[in-house]
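As the structure is a prediction and not an experimental result, all values here were calculated from the model. Read the numbers this way: they start at 1 and go in the same order the structure lists the ligands and their atoms.
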Amino acid sequence: MPGFEIFSDEERKEVNDVLKTGVLFRYGFEQARKGHWKAKSFEKEFAERIAVKYCHLCSSGTAALTIALAACGIGAGDEVIVPPFTFIATIEALLNAGAVPVFSEIDETLCLDPSVLENVITPRTRAVLPVHMCGSMARIDSIKVFCDKNGLVLMEDACQSVGSSYKGKALGTFGRMGCFSFDPVKTITCGEGGAVVTNNENLYRIAEAFSDHGHDHIGDDRGLEGHSIIGANYRISELNAAIGLAQLKKLDSILEKQRAHKKVLKDALTCCTKISFREIPDPEGDSATFLSFFLPDEHMTRKAADLLAKEGVDGCFYWYDNNWHYIRQWDHLKNLSFASKPPIMLSDNCPDYSKVFLPRSDEIMGRNISMLIKLSWGEKEVDLRGQKMVRVLNSL
Ligand SMILES: *Cc1c(COP(=O)(O)O)cnc(C)c1O
């Protein structure tokens, strides 16, 4: 997820436009800004790029999730079905909104398994929040069918999957709202930033108001704008939006390079009989930020991860032991460790997160290794990496 690998003159030029005017605020200052609207331009270009009607750019992916939950009316005590393999931000956004995360099993797509969602549905369930992990997709069509059938809101965390699609339709555009992150390690970056997208004008209006203290952004005098809801401040600055604007123009070339590198490696690894690849419901829509594969069991997977690291094949993640991305190491969630009393402690449906039992997900994550695909690799380097990996994996 390498936006940070390609920072260059284009980013500097966009930032300089902002520095020259001194207008760092995304709203107003029409005279002084001399035609530069970086956040607004990003929103327009990104919406066009992923073929969605509305995009609101905000301060982070976590903010995007928070805004989308508010706009979709998901709050205190509402149960939301989530996968145990995600970044903790997905769970934090829910908890901070007063909602109740309910974990359901993943399958070999490394995303929510649509076929078992009904096992965790209750009368309090309001939404399903699939996370399209590591640049590829959940079985989003089946998940959407499940949501429609049960009258649930579908909201997508596509923070790691900018530029990915399923059967030609961008991830993040299947549900009522989709969320993206442009933090420094995502596919493209604003430095810090995020976006919510939707085809529903009303949801968009609530989202942009909520992100800016409830301002309705009608008229040209900020002091006279109406406020129909209590909001917060999740605004992005023009400096960050400017960086994103430059990066967005590079998205297609980033995807092309990642896909080429991934293809070389995947082709090389097809001779390794011990491994199988992550299931990708639409391989053409994979943004190819990662190459994920499975070994036969946990023991062999740990051994493979160790050997790959020893051989200098860097960027191979064994998420099962990782503090960030899998529930197994989230002791702060299991112990409900918060800085202050969280709303969930007032809910009569607060689960005991120390007892969440997800044997299928454990089994899948215990056998998975995901390797980061880098833009900066040269052709020779990719070939050599492939050869090294084959040697290691065939030696097991
Ligand atoms: C990065 C990420 C987020 C949060 O994005 P930030 O911009 O870092 O707040 C949320 N969900 C997933 C799956 C992510 O990878």
Pairs flagged by side chain to side chain donor-acceptor pair (under 3.5 Å) wherever residues 88-116 is involved - sequence neighbours left out: T86-T90, T90-D157, E105-S361, D107-T109, D107-R139, E108-R367, D113-S115
Close-contact set for ligand 1 against [X] heavy atoms, below 4.0 Å:
| X | result |
| --- | --- |
| T90 | 11 (N) |
| D157 | 10 (C), 11 (N), 12 (C), 13 (C) |
| T62 | 4 (C), 5 (O), 6 (P), 9 (O) |
| G193 | 7 (O) |

For the residue pair L95 and P343, what are the closest heavy atoms and their distance?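 Closest approach of L95 to P343, heavy atoms only: O-CG, 4.0 Å.
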Output every pair passing ring-ring contact (aromatic ring centres under 6.0 Å, His included) with a member in residues 73-92, not counting sequence neighbours, ordered by first then second residue. F85-W319, F87-H325
For the residue pair K266 and F277, would you count it as a cation-pi contact if the rule is NZ or CZ under 6.0 angstrom from the ring centre and within 45 degrees of the ring axis? yes
Proximity winner for atom 15 (O) of ligand 1, if only heavy atoms of E92, Q160, M133 are counted: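 It is Q160 that holds the nearest heavy atom.
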Among H325, H132, K186, which residue places a heavy atom closest to atom 2 (C) of ligand 1? K186
Using distance alone, determine whether G61 and ligand 1 share an N or O pair under 3.5 Å.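 N/O-N/O distance under 3.5 Å: yes.
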So which bit of A89 gets within less than 4.0 Å of ligand 1, heavy atoms only: side chain, backbone, both or neither?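 It is the side chain that touches ligand 1; the backbone stays farther off.
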